Amino acid sequence: MGSTWLVSIVELSHLLGLTILVGSVVVVSLRMFGVVMTRMPLSEVAGELWNWALFGLILQLTSGVLLFMSEAVRWYHSGPFLVKMTCLFLALLFHFTIYRRVTGRK
Ligand code: HEM
């Protein structure tokens, strides 16, 4: 009973982190394409939302590790999980190199 609640809370955190992270990335991307907040420089929008994106990412990483640990052998042998981790690694690499340079975030 207790652990069922705990797993639900961790899964909820995983989805909350996803919402915060994707939400902030989408707003910066829409600004990049000139759809929203056009009177604000892109670097400023990216800078203002960076703390939210980082908070979402940290929530994703910590809750993700906890979810992984709950059934480590299952996820270790899962093909889709390997694909997800590879995509996550590539996304982080892209973000901290090209995307960061394009947005001009300090
Ligand atoms: C930006 C990064 C990430 C995103 C967008 C993301 C997204 C998701 C989504 C949408 C689900 C399905 C919803 C759910 O079952 O609660 C999920 C499940 C899961 N995630 Fe992540 N995730 C991320 C990072 C991670 C990391 C870093 C790990 C582990 C090291 C991880 C481990 C898991 C596991 C084990 C599940 C399956 C939970 C279950 O069905 O019991 N995730 N993730």
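Quick note: residue numbers are just sequence positions, from 1. Just so it is clear, the values below take in all heavy atoms, side chains as well, and ignore hydrogens, waters and symmetry mates. Both ligands and their constituent atoms are indexed starting at 1 by order of listing. Note that the structure is a prediction, hence the values are computed from the model and not measured.
- Looking only at protein heavy atoms, the nearest one to atom 23 (C) of ligand 1 is Gln60 NE2, 3.4 Å.
- Checked against the 6.0 Å centroid threshold, Phe81 and Phe68 count as a close aromatic pair.
- Applying the 4.0 Å criterion to heavy atoms of Leu21 picks out, from ligand 1, the atoms 1 (C).
- Atom 21 (Fe) of ligand 1 has no N, O or S atom of Leu18 closer than 2.8 Å.
- His14 contributes NE2 as its N, O or S atom closest to atom 21 (Fe) of ligand 1.
- Considering only non-hydrogen protein atoms, atom 26 (C) of ligand 1 sits nearest to Met85 CE, 3.5 Å.
- By the neighbour-count criterion of 12 heavy atoms within 6.0 Å, atom CZ of Phe55 is sparsely surrounded, having that number or fewer from other residues, nucleotides or ligands.
- The protein heavy-atom contact nearest to atom 41 (O) of ligand 1 is Glu11 OE2, 3.3 Å.
- Taking hydrophobic clusters as Ile, Leu, Val, Met, Phe, Trp and Tyr residues chained together by side-chain heavy-atom distances below 4.5 Å, Leu67 does not share a cluster with Leu61.
- The protein heavy atom nearest to atom 2 (C) of ligand 1 is Leu88 CD1, 3.5 Å.
- When only non-hydrogen protein atoms are considered, atom 22 (N) of ligand 1 lies nearest to Lys84 NZ, 2.6 Å.
- Looking at Arg31, its side chain does come within 3.5 Å of a backbone N or O of Met40 through a donor-acceptor pair.
- Neither Val10 nor Trp75 shares a network with the other; the hydrophobic side chains, linked directly or stepwise wherever heavy atoms of I, L, V, M, F, W or Y lie under 4.5 Å apart, form separate groups for each.
- The main-chain N or O of Gly34 is never found under 3.5 Å from a side-chain atom of Thr38 such that the two would form a donor-acceptor pair.
- Here the protein heavy atom with the shortest distance to atom 31 (C) of ligand 1 is Gly64 CA, 3.4 Å.
- Residues Phe94 and Phe33 share a single hydrophobic cluster, defined by chaining ILVMFWY side chains whose heavy atoms lie under 4.5 Å apart.
- Contacts between Leu15 and ligand 1 below 4.0 angstrom, taking non-hydrogen atoms only, involve the side chain exclusively.
- Looking from atom 34 (C) of ligand 1 to the surrounding protein, the closest heavy atom is Leu67 CB, 3.8 Å.
- Closest protein heavy atom to atom 37 (C) of ligand 1: Trp75 CZ2, 3.4 Å.
- Under 4.0 Å from ligand 1, not a single heavy atom of Val22 appears.
- Interface of Phe68 with ligand 1, defined as ligand atoms under 4.0 Å from a residue heavy atom, comprises 35 (C).
- For atom 14 (C) of ligand 1, no protein heavy-atom neighbour is present inside the 4.0 Å cut-off.
- Under the side chain to side chain contact (heavy atoms under 4.5 Å, CB included) test applied with Val22, the options Thr19, Val25, Leu18 reduce to a single match, Leu18.
- Follow the hydrophobic side-chain contacts under 4.5 Å out from Val35 and you reach Val27 in the same cluster.
- Other residues, nucleotides and ligands place more than 12 heavy atoms under 6.0 Å from the CH2 atom of Trp50.
- Of all atoms in ligand 1, listed by their number and element, those nearer than 4.0 Å to a heavy atom of Leu61 are 27 (C).
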